[in-house]
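Both ligands and their constituent atoms are indexed starting at 1 by order of listing. These numbers come from the heavy atoms of this one structure, side chains and all, not from hydrogens, waters or symmetry mates. Treat the numbers as computed from the prediction; the structure is a model and nothing was measured.
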Amino acid sequence: MPTDPYAWLEPSLATIHRANWYRSVQTLQSLPGAVVQLAGHEVINFASNDYLGLTGDQRLVQAAVAATREWGTGSTGSRLLSGHRALHRQLEKAIASLKQSEDALVFSSGYLANLGTIAALVGKRDLILADQYNHSSLKNGAILSGAMVLDYGHCEMEELQKKLAQHRQNYRRCLITTDSVFSMDGDLCPLPQLLAIAQEFSCMLLVDEAHATGVLGATGAGCVEHFGYTGEALIQVGTLSKALGSLGGYVAGSAALIDFLRNRAPSWIYTTALSPADTAAALAAVEIVQQEPERRVQLSRNVDTLKQLVQKQLPNQRLLPSESPILCLQLASAAEAIAIGQKLKAAGIFAPAIRPPTVPTSRIRISLMATHELTHLQKLVDNLSKLT
Ligand SMILES: *Cc1c(COP(=O)(O)O)cnc(C)c1O
């Protein structure tokens with residue numbers, strides 16, 4: 001008798017449960033913001049990527065509603081067939097202007113932007129050097145490309161240089177990939193060194209600005225602007241779904257790069273164009289990022305305030321080094337992190353435990369928003385000082 005080909009699913013799930021790796025969703029029952037209803041309880045939200053508080057902003061909502069009324073709920077096809085609207089091009093021009101790059105291309109998500117871009121730029125004869133802590137989309141894009149992939153230790157520039165010296169000459173093209181703000185740690189990539197090494201070894205450099213766009217740099221252009229490399233020849237990928245409060249992804253770079261991707265990135269060519277609502281909301285957000293620098297100023301004030309409160313009230317605790325709104329309180333074990341995460345939630349604070357295998361060491365991950373108030377930060381630190 002043939003065996004049930006799906007019979008392996010239940011034991012595999014049981015294994016996931018036994019390892020304490022089982023995950024499930026929690027329902028958010030309000031507009032996104034600094035304070036939300038989560039699974040029936042009001043909590044202060046330290047788990048959102050909505051850094052500037054734009055996702056619930058009525059201007060974005062209105063832009064999405066107006067675009068939906070005018071253009072419908074979907075885009076009906078891929079960009080190269082029936083899916084392209086003037087709105088998409090307007091958004092791409094706005095992103096290029098924010099980034100001060102020659103051009104930009106919007107994808108249906110940041111994940112798809114990385115998959116498509118990496119797979120288009122390198123192939124079997126090529127080499128990818130990747131930071132060990134890179135986002136899943138960079139890792140899977142590298143696998144999809146078929147290129148040889150070598151990881152280097154997190155931000156280990158000497159190791160990167162050594163590996164290039166050893167291997168670069170055996171390959172045609174080389175692409176270095178890195179998060180610019182590392183999503184689980186909050187630290188920044190060493191961009192000046194990366195650019196110098198890329199130049200020395202004739203490598204392309206792709207930086208993933210998902211957590212930096214709208215957040216870092218004087219005009220909100222991201223980590224590249226923060227380090228003073230606006231206009232440098234590199235490839236910037238990002239998302240419309242974090243500080244920009246919408247859904248979608250983008251690549252910004254030279255006109256030739258963007259033109260090439262329009263012809264060669266499978267995750268752009270063979271997928272439905274961004275919906276009118278998402279496109280219009282992101283466009284409104286890019287304008288607000290440029291017109292309201294005070295949001296970024298308030299966000300960076302909140303980061304400084306939280307760091308000071310932790311130093312004062314939690315003298316024995318250490319925040320991982322971070323220059324972004326992602327701040328992590330390092331803890332000894334996964335069990336401790338989970339226990340603290342649960343107690344915080346019971347106290348009305350949503351700051352999740354992040355643990356292996358997602359990250360090498362357990363922590364409470366705090367992401368700050370421009371819309372957090374001093375009382376929110378104070379309540380977080382008061383509770384942490386009781387619990388740790
Ligand atoms: C969130 C994120 C992505 C994916 O972006 P989506 O638009 O959510 O698909 C890619 N890279 C990094 C570093 C991210 O944090």
Ser362 and Glu336 side chains, donor-acceptor separation under 3.5 Å: no

Donor on one side chain, acceptor on other, Thr271 and Ser108, under 3.5 Å: no

For Ser137, the ligand 1 atoms whose distance to one of its heavy atoms is below 4.0 Å: 10 (C), 11 (N)

Selection residues 180-199 - residue pairs positive for ring pair (Phe, Tyr, Trp, His ring centres under 6.0 Å), sequence neighbours left out: His154-Phe182

Contact atoms of ligand 1, heavy-atom distance to Gly248 under 4.0 Å: 7 (O)

Donor + acceptor pair across side chains of Tyr111, Asn140 (<3.5 Å): yes

Pair Lys162, Tyr152: side-chain N/O donor-acceptor within cut-off below 3.5 Å: no

Proximity winner for atom 10 (C) of ligand 1, if only heavy atoms of Lys242, His135, Glu209 are counted: His135

Among Leu247, Ile326, Asp208, closest by any non-hydrogen atom to atom 13 (C) of ligand 1: Asp208

Aromatic plane relationship, Phe46 with His372 - under 30° parallel, 30 to 60° tilted, over 60° perpendicular: parallel

Any side-chain donor near an acceptor of the partner, Gln132 and Lys139, under 3.5 Å: no

Heavy-atom gap Gly249 to ligand 1 smaller than 4.0 Å: no

Atoms in ligand 1 flagged as close to Ala210, the criterion being non-hydrogen separation under 4.0 Å: 2 (C), 11 (N), 12 (C), 13 (C), 14 (C), 15 (O)

Subset of ligand 1 atoms that lie under 4.0 Å from at least one heavy atom of Asp179: 13 (C)

Set of salt bridge (Lys or Arg N to Asp or Glu O under 4.0 Å) partners for Asp131, sequence neighbours left out: none

N or O contact, Gly110 vs ligand 1, cut-off under 3.5 Å: yes

For atom 8 (O) of ligand 1, closest protein heavy-atom neighbour: Ser241 OG, 3.5 Å

Tyr111 N/O under 3.5 Å from ligand 1 N/O: yes

Any Ser136 heavy atom less than 4.0 Å from ligand 1: no

Closest protein heavy atom (residue, atom, distance) for atom 7 (O) of ligand 1: Thr239 OG1, 2.6 Å

